[in-house]
S.K.: 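Shown below is the structure under consideration.
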2 protein chains.
Amino acid sequence: MSDTGPVAHSLLLVDDEPRIRRVLRLALEDEGYQVAEAANGYDALAALRREPPDVVLLDLMLPDRDGFTVCREIRRASDVPVIMVTARTDSHDVVAGLEAGADDYVTKPLVAKELSARIRALLRRVEPAGARQADLLEVGDLRIDVPAAEVTRDGEVLPLTRTEFKLIAELANADGRVLSREQLLSKVWGYGYFGDSRIVDVHIRRLRLKVERDPASPKHLVTARGLGYRLVS
Amino acid sequence: MSDTGPVAHSLLLVDDEPRIRRVLRLALEDEGYQVAEAANGYDALAALRREPPDVVLLDLMLPDRDGFTVCREIRRASDVPVIMVTARTDSHDVVAGLEAGADDYVTKPLVAKELSARIRALLRRVEPAGARQADLLEVGDLRIDVPAAEVTRDGEVLPLTRTEFKLIAELANADGRVLSREQLLSKVWGYGYFGDSRIVDVHIRRLRLKVERDPASPKHLVTARGLGYRLVS
DNA sequence: CACGAAGATGACGGATTCATGACAGGCGTA
DNA sequence: TACGCCTGTCATGAATCCGTCATCTTCGTG
């Protein structure tokens with residue numbers, strides 16, 4: 001996804017009024033953002049899954065679902081920063097929006113400079129966490145080179161597929177913590193994957209065959225029964 | 001949030017007007033926060049060093065320095081979340097405040113519920129990063145690594161099951177206090193559990209077999225007859 | 001000391017949970 | 001188009017985990 005990611009941050013703009021989308025898009029592109037659009041909650045969730053943005057700008061009044069619901073649905077599988085953008089100034093709505101999982105709540109009519117500043121403030125806070133993804137992870141005798149999408153053991157390159165690589169990279173990035181199947185699904189397979197969570201098992205198996213010296217008794221890719229998997233040095 | 005959770009979140013309230021401080025303090029304490037106060041920028045920085053809060057609420061108009069400057073000075077030494085709280089509604093000030101390093105900017109007159117919601121939203125975003133390391137409990141010769149779901153004794157991993165792990169983690173988290181069977185049932189097995197509370201006994205037994213050097217005379221998992229169990233160092 | 005209550009212990013069967021191998025569709029490439 | 005590789009799904013079997021019960025032991029009290 002963000003392999004050779006562009007320098008510009010990407011936004012997903014969710015609003016049903018084309019006119020407002022157009023105004024906002026122009027203003028935000030002026031501020032140097034790369035803007036994608038969605039006209040309703042359904043499209044928003046689809047777009048989120050297809051191409052995760054750095055920030056979501058979410059209008060409260062959408063044709064299909066209301067923004068609170070959409071926000072909660074986003075939160076069910078993703079930590080992406082969300083800013084509610086709406087005409088409803090009632091304090092009660094602000095609280096409801098933030099409780100639904102939004103990071104910020106701004107009211108129309110809005111000043112582009114202010115919105116941009118709030119986006120920057122949010123990114124500043126989130127970025128270190130997202131950027132914690134190191135370029136080179138070392139786990140035991142494994143070296144995981146994220147930019148090169150390559151795993152080596154004893155200088156020998158292991159022929160991992162793309163999914164396998166993402167999986168082991170996420171586990172390595174978790175730094176020994178247990179990741180549940182659901183967490184792995186959302187991180188590796190992306191937001192909104194509704195298939196059987198047993199895929200994780202299967203790919204763990206395939207990884208073990210390539211990564212473990214004795215796949216029958218894994219030393220690195222350890223299963224935490226009832227919880228998930230973790231990567232051990 | 002768990003009731004037995006750590007301590008309440010602490011706020012540092014920076015405002016020169018005692019009347020406003022008083023109103024805010026009461027409202028925020030009502031929301032369950034622990035509130036410290038500072039009347040000017042100098043005191044604020046001192047308080048920050050002395051006892052770092054979880055969030056700083058910073059008024060823009062201060063007697064010694066203006067809030068923008070104070071905010072920048074805070075940022076030079078700390079990543080603590082800052083919310084600007086001020087009467088100045090001008091969009092230009094909002095941008096300046098956020099550019100100075102603030103995470104959010106709310107204007108007076110303010111609604112306590114909304115401020116509280118914004119604080120929660122900010123904490124939600126910041127917390128995971130800061131709390132990442134505090135999840136290691138040590139009890140005697142036992143090390144309980146919560147994120148890794150692992151208990152070690154003398155560097156040796158004890159093969160606990162999920163339920164056993166949750167159980168000992170809860171007991172360790174209670175810090176030596178006795179937990180009743182009912183408390184343990186609700187914490188480990190979840191609230192709507194209606195089975196026999198004797199499961200606790202059985203799992204304590206299984207834990208002792210794995211954790212105690214002499215399971216017949218437990219040194220760590222001690223029973224408090226008629227009350228429950230507790231974990232002793 | 002005797003008694004009752006509370007806890008400890010050992011065993012068992014059902015229910016989860018995971019590992020494994022096989023298979024078919026999809027996608028890109030030769 | 002044919003081929004190979006990757007991927008998601010499924011069925012099966014094994015491991016083991018968990019809740020319950022019956023019985024034994026220990027503790028506190030009168």
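Letters go in sequence order (proteins before strands), and every chain restarts at 1.
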S.K.: Could you check how far CD1 of Ile199(B) sits from P of dG7(C), rounded to whole Å?
M.R.: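 In whole Å, dG7(C) P and Ile199(B) CD1 are 15 Å from each other.
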S.K.: Would Arg143(B) and Glu150(B) pass as an ion pair if we require N to O under 4.0 Å?
M.R.: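 The answer is no: the pair does not qualify as a salt bridge.
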S.K.: Could you tell me the separation between the CZ atom of Arg205(A) and the P atom of dA22(C), rounded to a whole number of Å?
M.R.: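 My rounded result for the distance is 10 Å.
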S.K.: What is the separation between atom CG on Leu207(B) and atom P on dC17(D), rounded to the nearest whole Å?
M.R.: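 In whole Å, dC17(D) P lies 12 Å from Leu207(B) CG.
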S.K.: Assuming nearest nucleotide by heavy-atom distance, tell me which of Gly226(A) and Arg206(A) is located more 5' along DNA chain C.
M.R.: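 The residue mapped nearer the 5' terminus is Gly226(A).
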S.K.: Less than 4.0 angstrom from a charged side-chain N to a carboxylate O is my criterion; do Arg75(A) and Asp103(A) meet it?
M.R.: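 Here Arg75(A) pairs with Asp103(A) in a salt bridge, since their nearest N and O are under 4.0 Å apart.
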S.K.: For the pair made of CG in Leu221(B) and P in dT9(C), what is the distance, rounded to whole Å?
M.R.: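 After rounding, the reported distance stands at 12 Å.
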S.K.: Indicate, yes or no, whether a donor-acceptor pair under 3.5 Å links the base of dT17(C) to the side chain of Arg225(A).
M.R.: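 Per atom types, the contact qualifies.
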S.K.: Taking CD from Glu164(B) and C1' from dC17(D), how many angstroms apart are they, rounded to a whole number?
M.R.: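 Between C1' of dC17(D) and CD of Glu164(B): 9 Å.
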S.K.: Which part of the nucleic acid does Arg181(A) contact within heavy-atom distance under 4.0 Å: base, sugar-phosphate only, or nothing?
M.R.: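 Sugar-phosphate contact only.
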S.K.: Between Glu212(A) and Lys219(A), does any NZ, NE, NH1 or NH2 come within less than 4.0 Å of an OD or OE carboxylate oxygen?
M.R.: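 Here Lys219(A) does not pair with Glu212(A) in a salt bridge, since their nearest N and O are not under 4.0 Å apart.
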S.K.: For Val202(B) and for Lys210(B), locate the closest nucleotide of DNA chain D by heavy-atom distance; then report the residue assigned to the nucleotide nearer the 5' terminus.
M.R.: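 The residue mapped nearer the 5' terminus is Lys210(B).
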S.K.: From the set dC10(D), dC18(C), dA8(C), return the single nucleotide nearest to any side-chain atom of Arg208(B).
M.R.: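 Given the options dC10(D), dC18(C), dA8(C), the side chain of Arg208(B) is closest to dA8(C).
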S.K.: Ion pair present between Lys166(B) and Glu170(B), side-chain N to carboxylate O less than 4.0 angstrom?
M.R.: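 Salt bridge: no.
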S.K.: Quick one: is Tyr229(A) getting a side-chain N or O under 4.0 Å of the dA19(C) phosphate, OP1 or OP2?
M.R.: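 Answer yes for this pair, as a side-chain N or O of Tyr229(A) is under 4.0 Å from OP1 or OP2.
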S.K.: Could you check how far CG of Asp201(A) sits from P of dA14(D), rounded to whole Å?
M.R.: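 From Asp201(A) CG to dA14(D) P: 18 Å.
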S.K.: How is Arg198(A) classified with respect to the nucleic acid when contacts are heavy atoms under 4.0 Å: base, sugar-phosphate, or nothing?
M.R.: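 Base, at least one base atom sits under 4.0 Å.
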S.K.: Is the phosphate of dT7(D) approached by Thr163(A) (side-chain N or O, under 4.0 Å from OP1 or OP2)?
M.R.: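 Affirmative; the distance criterion is met.
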S.K.: Counting only side-chain N and O atoms of Thr161(A), is one of them less than 4.0 Å from OP1 or OP2 of dT7(D)?
M.R.: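 True: Thr161(A) side-chain N/O within range (under 4.0 Å) of dT7(D) OP1/OP2.
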S.K.: Atom CG of Leu227(A) to atom C1' of dT16(C): distance rounded to whole Å?
M.R.: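 For the pair Leu227(A) CG and dT16(C) C1', the rounded distance is 13 Å.
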S.K.: Is the distance from OP1 or OP2 of dC18(D) to the nearest side-chain N or O of Trp189(B) less than 4.0 Å?
M.R.: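 Answer no for this pair, as no side-chain N or O of Trp189(B) is under 4.0 Å from OP1 or OP2.
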S.K.: For the side chain of His203(B), counting heavy atoms from C-beta on, which of dT9(D), dC18(C), dG19(D) is nearest?
M.R.: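 Closest nucleotide to the His203(B) side chain: dG19(D).
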S.K.: Applying a 4.0 Å non-hydrogen cut-off, can you work out what Arg162(B) is touching in the nucleic acid: base, sugar-phosphate, or nothing?
M.R.: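 If one applies the 4.0 Å heavy-atom cut-off, Arg162(B) turns out to touch the sugar-phosphate alone, with no base involved.
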S.K.: Can we say Asp154(A) and Arg213(A) salt-bridge, meaning some charged N sits less than 4.0 Å from an Asp/Glu carboxylate O?
M.R.: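 Salt bridge: yes.
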S.K.: Output the rounded distance in Å from CG (Leu185(B)) to C1' (dG19(D)).
M.R.: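 Between C1' of dG19(D) and CG of Leu185(B): 12 Å.
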